[in-house]
Protein chains: 2
Amino acid sequence: MATTLGELERSVMEFLWASDEAMTAYDLRDRLAAAEVDRSPAITTVLTVLSRLENKGFVQRQRTSRPHLYRAQASREDHMAELMHEVLGSATNRSAVLERFVGQVSEREAALLRELLESRSHR
Amino acid sequence: MATTLGELERSVMEFLWASDEAMTAYDLRDRLAAAEVDRSPAITTVLTVLSRLENKGFVQRQRTSRPHLYRAQASREDHMAELMHEVLGSATNRSAVLERFVGQVSEREAALLRELLESRSHR
DNA sequence: AGCGGGCTTCTACGTTTCGTAGAAATGATT
DNA sequence: AATCATTTCTACGAAACGTAGAAGCCCGCT
């Protein structure tokens, strides 16, 4: 469950997260070729990676149209929040972790956190 | 930098994090043998893992006394808070991540966070 | 219905990381 | 110097990932 992403897997997810629309493997291959200077994976490579990401639950595939369509299962933000909770959840001393976490955020973000906690409290 | 730990590496770190004192590889081997039912690694295995952890910056080694002494570089809590910051730092939309993060914590922890942010503000 | 070509799945190999530990080197102690 | 504890070197198997060719599948066209 504490799945980690490889480098190409991560790049693919970045594109899927950045796009509201579902994409085809061909779209992704082209984006990858354009973005990564030294790398331009074959279409089969992209499809393999997409299958793996599907198995890991990161990607949802639509088999209805013929070049299959892929989309991120959760938003990038959801995923990251989930990761943070995963870390926190594995701690024995959660308050100590939170204490250090809060101690290190910028004042700007501290203010944001206060706001978020405020609006959360009367709901 | 975003280093991930293997299973044995993690077990070793657990013991080091749990102990205030520095430990020898022999100590660790014994603890591992006692804790893990099916596993009891050779001393060389433990030493290999400790070297790798040292290279990764998780462990600090004292070569002064002859059975070398090992200690965790950072506390478990520091490490976890750091991990959380690492995740957050890699986000393009930090506030969106924080929003989801805060939205999912328990009321108890929300209260704790409010406190921490409070005491932080008049530091 | 058969065929051809795009699309997908299967299979496979190289690399890296980690668990594992013997062999070799080092160094202290008598 | 010889011996024994300790450390370092070297190596191999397994799993995850990047990589992509080979084989199979599906659909429109004639």
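Chain A is the first sequence line, chain B the second, and so forth, proteins listed ahead of strands; every chain is numbered from 1.
With sequence neighbours excluded, no residue satisfies salt bridge (Lys or Arg N to Asp or Glu O under 4.0 Å) with Arg66(A). A search for side-chain contact (heavy atoms from CB on, under 4.5 Å) contacts involving Gln60(A) returns Arg71(A), Gln73(A), not counting sequence neighbours. Ala96(A) is linked by a side-chain contact (heavy atoms from CB on, under 4.5 Å) to Asn93(A), Arg100(A), Glu77(B), counting only residues two or more places apart in sequence or in another chain. Considering only residues two or more places apart in sequence or on other chains, Ser106(B) meets the side-chain contact (heavy atoms from CB on, under 4.5 Å) condition with Arg108(B), Glu109(B).
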Detail all sub-3.5 Å separations between protein N/O atoms and N/O atoms belonging to nucleotides 13-17 of chain D.
unit_1  : atom_1 : unit_2   : atom_2 : d
dC17(D) : OP1    : Thr4(A)  : O      : 3.0
dC17(D) : OP1    : Lys56(A) : NZ     : 3.2
dC17(D) : OP2    : Lys56(A) : NZ     : 3.0

When you compare the protein's N or O atoms with those of nucleotides 22-25 of chain C, which come within less than 3.5 Å of each other, and at what distance?
none

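Considering all non-hydrogen atoms of both residues, Gln62(B) and Ala22(B) come closest at OE1-CB, 4.0 Å.
Less than 4.0 Å separates DNA chain D from at least one heavy atom of each of the following residues of residues 23-40 of chain A: Arg39(A). Of the residues in residues 64-74 of chain A, those placing a heavy atom less than 4.0 Å from an atom of DNA chain C are Arg66(A), Pro67(A), His68(A), in numerical order.
Summarising the geometry, the separation between CD on Glu54(A) and P on dT9(C) is reported as 8 Å, rounded to the nearest angstrom. When the P atom of dC18(C) is taken as reference, atom CG of Leu53(B) falls 9 Å away, rounded to whole Å. Regarding Ile43(B), its CD1 atom lies at a distance of 15 Å from the C1' atom of dG19(C), rounded to whole Å.
For residues 22-42 of chain B, no pair satisfies ring pair (Phe, Tyr, Trp, His ring centres under 6.0 Å), with sequence neighbours left out. For residues 64-100 of chain B, the set of pairs meeting the ring pair (Phe, Tyr, Trp, His ring centres under 6.0 Å) definition, not counting sequence neighbours, comprises Phe101(A)-His85(B), Trp17(B)-His79(B), Phe58(B)-His79(B). Applying the salt bridge (Lys or Arg N to Asp or Glu O under 4.0 Å) test to every pair with at least one member in residues 22-35 of chain A, sequence neighbours left out, gives no pairs at all. Contacts classified as salt bridge (Lys or Arg N to Asp or Glu O under 4.0 Å) and involving residues 36-52 of chain B (residues at least two apart or in different chains) are given here: Glu36(B)-Arg39(B).
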Stepwise salt bridge (charged side-chain N to carboxylate O under 4.0 Å, His left out) test for Arg114(B) and Glu118(A) = CA-CA 8 Å; Arg114(B) 285 193 201 96; Glu118(A) 175 62 18; 5.4 Å; no

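Atom OG of residue Ser121(A) and atom CG of residue Leu116(A) lie 11.0 Å apart, to the nearest 0.5 angstrom. In this structure, CD on Glu86(A) lies 6.5 Å from CD on Glu82(A), to the nearest 0.5 angstrom.
No engagement by Arg10(A) is indicated, since no non-hydrogen atom pair under 4.0 Å with the nucleic acid exists.
In summary, Glu107(B) and Arg120(A) engage in a salt bridge, as defined by a charged side-chain N under 4.0 Å from a carboxylate O.
For Thr45(A) and dA20(D), the shortest distance from a side-chain N or O to OP1 or OP2 is below 4.0 Å. The phosphate of dT9(C) (OP1 or OP2) has a side-chain N or O of Arg63(A) nearer than 4.0 angstrom.
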